[in-house]
A.B. asks: 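A single structure is presented below for examination.
Numbers restart at 1 for each chain; the letters A, B, ... are given by sequence-line order, proteins then strands.
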Number of protein chains: 2
Amino acid sequence: MATIGDVARLAGVSRSTVSYALSGKRAISDQARARVEAAVAELGYTPNAGARALATSQTMVIGLLAEFLEDEFAPAMLQYIQGVSNTAHELGYDILLVTEAEGTRGLKRITDSRMVDGVVLLNVAEDDGRLPVLRAAPQPGALVGLPGDCTGVDVFDLDFEETGRHMLEHLARLGHRELILVSQPEHVELRGGAYVWRLRNAAARAAQARGITLHAVSGASRQPDIGRDLHAALDAHPGATGLILNNEAAAAALPSVMHERGLAAPRDLSVVGRYSAEFASTFSLPYSSVESAPDRLGRMAVRQLVRRIEGEITPDDPYVVRFVSPELVDRGSTGAPPAG
Amino acid sequence: MATIGDVARLAGVSRSTVSYALSGKRAISDQARARVEAAVAELGYTPNAGARALATSQTMVIGLLAEFLEDEFAPAMLQYIQGVSNTAHELGYDILLVTEAEGTRGLKRITDSRMVDGVVLLNVAEDDGRLPVLRAAPQPGALVGLPGDCTGVDVFDLDFEETGRHMLEHLARLGHRELILVSQPEHVELRGGAYVWRLRNAAARAAQARGITLHAVSGASRQPDIGRDLHAALDAHPGATGLILNNEAAAAALPSVMHERGLAAPRDLSVVGRYSAEFASTFSLPYSSVESAPDRLGRMAVRQLVRRIEGEITPDDPYVVRFVSPELVDRGSTGAPPAG
DNA sequence: CTGAAAGCGCTTACAG
DNA sequence: CTGAAAGCGCTTACAG
């Protein structure tokens, strides 16, 4: 490969002139510029990223930590990755994807070795082990998901409390008095998936305030277990007229379950989920849902991260915790409870 | 961050001694090694990846080109990414993920700038525009998907011809005489998805040899269009007793379609698909399927790529085109055609 | 067994 | 407007 020295020689100028001609960081005579450009074109010159990183302390790479946990619903993760990756590319950054099961080690490796200018953490837990590593790192970090302690990082998440309240009140207004909430598996919650209880507690409070019975159950994140869980929940609470789903796998499995039980929404059962429009389309889900906005959250996280990387915001500027408000996309799966 | 110079100073040795102590590339006295190790621990030293890359011409990063095309079924792509990423990490490499719509530009950027030691291309088309770029690059490349011209790259793919033949003969042996094959959308094929016609032509030849009627149709890759396409195909060919699916979206949509038509497999219709066990589980698909082996293909591609990167194989060694043989996973969705 | 030094390919003050 | 040179943080022949 051609180096900047080759270009300089061919153009008959110094290496610094080539560098400045390419970066535009100082004025260059038209003649010099033309000769540099011709030489660059002739040699097919592209600066060596490693050398540039060494000289500038900037890699133009963002680390993306996405753990594919055995017990989580992988397709839901994909949209966050796409949102982050697309936005990063738009802003001139490449993505170093770390999917190791032990995210802490991967995070330490890419920050310590200066492979990245900043980091986006997906799927953040209440007491996420990666956060101490991130705080100790010299690079800034942005999270998708709300941890217990937000110091030193920018945080973006769906407002799960508002989501829980909103879903419950939507069904309450339609006249439902007994509802089932299907959450994520218990181990997701135990591992620190705070959004599970944030949504549930908010829904429970709203239910209590309105005198509504809310049966909170947890469901598996995989087939076929989640199907069994749904049947069990419906068997256990025959009086329930509405279903709230905070579990993507449950949403994907519900159509078969309802077919099997001869139920139609909203005729026999009102259903409202929490997943993205993209997800609804992929899985052909006919239920109204609160948009989880994965692409938007990924985009917000990267934008803020790049502002920090490029010094537009400094560590002295306050770190943000930004919630996306729930928006209910109506797909006609909720209505008045069946008479009687 | 601490540099190698800081470590050397603290340990009271030269920088080369630190480097050699860490790499093990030359003998070191026990005393020196102990002092270096202590200094490394005290300073929390990790070599700077950019500096090392500059000195060694090795980045320990593999580029992964995965385009998320608007008209493709994204969840199917995820498993290839996981296979590639996990294998790369196991072998000591990180992954630079490029998802730009214009893959050619991204590929040129990461190879020209030497950000990567090698490249894996996913979703390779018959006449893939990225291949000329890859062949011109100094880094080796491995493909998942068979292009028209395999020169200069290692290629891994499911044996789609054998798959088509196998699926057809499986149903033929059970006594079926009229079958429908649902392929990918036409534009996937036009864009160069050779696997579509490779499977179809092989199935058609096998059908002809056995005097079986095979209706080849194409189906959308999204909901709800694919549901309509399936209904239309079943309406158009009421005599068909078996369905062959070479379209993930069709497989995901078929349970609803069959419910709507009151059909059960294999009682009314025998069904065989082509997708991974992981996919079957995620979407709760009850159909027997030929395993598409995304994790295995990703793993094979990375293994071979790393062999080339590390010089275990050179450009003089022949490039391989390796097909994974189809294996039918029986989920009980095929049987004898309904009597009459 | 060890150190001083060259070199990887850039960027950017410094001097003119 | 331009060039010579220092420096980024490593690795690795070279010399002892």
A.B. asks: Answer with yes or no whether the side chains of B/Ser14 and B/Thr17 bring together a donor and an acceptor at under 3.5 Å.
C.D. replies: yes
A.B. asks: Is the distance from OP1 or OP2 of C/dT2 to the nearest side-chain N or O of B/Ser29 less than 4.0 Å?
C.D. replies: yes
A.B. asks: On a heavy-atom basis, which atom in B/Ala88 and which in B/Ile62 lie closest, and how many Å separate them?
C.D. replies: CB-CD1, 4.4 Å
A.B. asks: At less than 4.0 Å, is any side-chain N or O atom of A/Thr17 found next to OP1 or OP2 of D/dT2? Yes or no.
C.D. replies: no
A.B. asks: Would you say B/Asp317 has more than 12 foreign heavy atoms packed within less than 6.0 Å of its CG?
C.D. replies: yes
A.B. asks: Map every base of DNA chain C to its dot-bracket character, where paired means a Watson-Crick or G-U wobble contact with both distances under 3.5 Å and | marks a partner outside the strand.
C.D. replies: |||.||||||||.|||
A.B. asks: Please tell me whether A/Gln79 and A/Ser276 have a donor and an acceptor in their side chains that are separated by less than 3.5 angstrom.
C.D. replies: yes
A.B. asks: So which atom in A/Leu297 and which in A/Ser292 form the shortest heavy-atom distance, rounded to 0.1 Å?
C.D. replies: CD1-O, 3.5 Å
A.B. asks: Which heavy atom of A/Phe156 sits nearest a heavy atom of A/Ala142, and at what distance?
C.D. replies: CE1-CB, 4.4 Å
A.B. asks: Do you see a donor-acceptor pair shorter than 3.5 Å between the side chains of A/Arg135 and A/Thr151?
C.D. replies: yes
A.B. asks: Using a 4.0 Å heavy-atom cut-off, does A/Ala53 contact any base of the nucleic acid, only the sugar-phosphate backbone, or nothing at all?
C.D. replies: nothing
A.B. asks: Identify each atom pair where a protein N or O and an N or O of nucleotides 8-10 of chain D are less than 3.5 Å apart, giving names and distance.
C.D. replies:
| unit_1 | atom_1 | unit_2 | atom_2 | d |
| --- | --- | --- | --- | --- |
| D/dG9 | N2 | B/Ala51 | O | 3.4 |
| D/dC10 | OP1 | B/Tyr45 | OH | 3.3 |
| D/dC10 | OP1 | B/Asn48 | N | 3.3 |
| D/dC10 | OP2 | B/Ile4 | N | 2.6 |
| D/dC10 | O5' | B/Tyr45 | OH | 3.0 |
| D/dC10 | O5' | B/Asn48 | N | 3.4 |
| D/dC10 | N4 | B/Arg15 | NH1 | 3.3 |
| D/dC10 | N4 | B/Arg15 | NH2 | 3.1 |

A.B. asks: If I compare all heavy atoms of B/Met1 with all of B/Asp6, which pair ends up nearest, and what's the gap?
C.D. replies: O-OD2, 4.0 Å
A.B. asks: Which value, rounded to the nearest 0.5 Å, describes the distance between A/Met77 atom CE and B/Gln82 atom CD?
C.D. replies: 8.5 Å
A.B. asks: Less than 4.0 angstrom between a side-chain N/O of A/Lys25 and OP1 or OP2 of C/dT12, yes or no?
C.D. replies: yes
A.B. asks: What nitrogen or oxygen pairs link the protein and nucleotides 13-16 of chain C at under 3.5 Å?
C.D. replies:
| unit_1 | atom_1 | unit_2 | atom_2 | d |
| --- | --- | --- | --- | --- |
| C/dA13 | N7 | A/Tyr20 | OH | 3.2 |
| C/dA13 | N6 | A/Tyr20 | OH | 3.3 |

A.B. asks: B/Ala32 near the nucleic acid: base, sugar-phosphate alone, or nothing, with a heavy-atom cut-off under 4.0 Å?
C.D. replies: sugar-phosphate
A.B. asks: Do A/Arg130 and A/Glu102 pass the salt bridge (charged side-chain N to carboxylate O under 4.0 Å, His left out) test, and can you show the C-alpha distance, the side-chain angles, and the key distance before you say yes or no?
C.D. replies: CA-CA 9 Å; A/Arg130 299 171 296 183; A/Glu102 230 227 292; over 6 Å; no
A.B. asks: For the NZ atom of B/Lys108 and the OG1 atom of A/Thr46, what is their distance to the nearest 0.5 Å?
C.D. replies: 5.5 Å
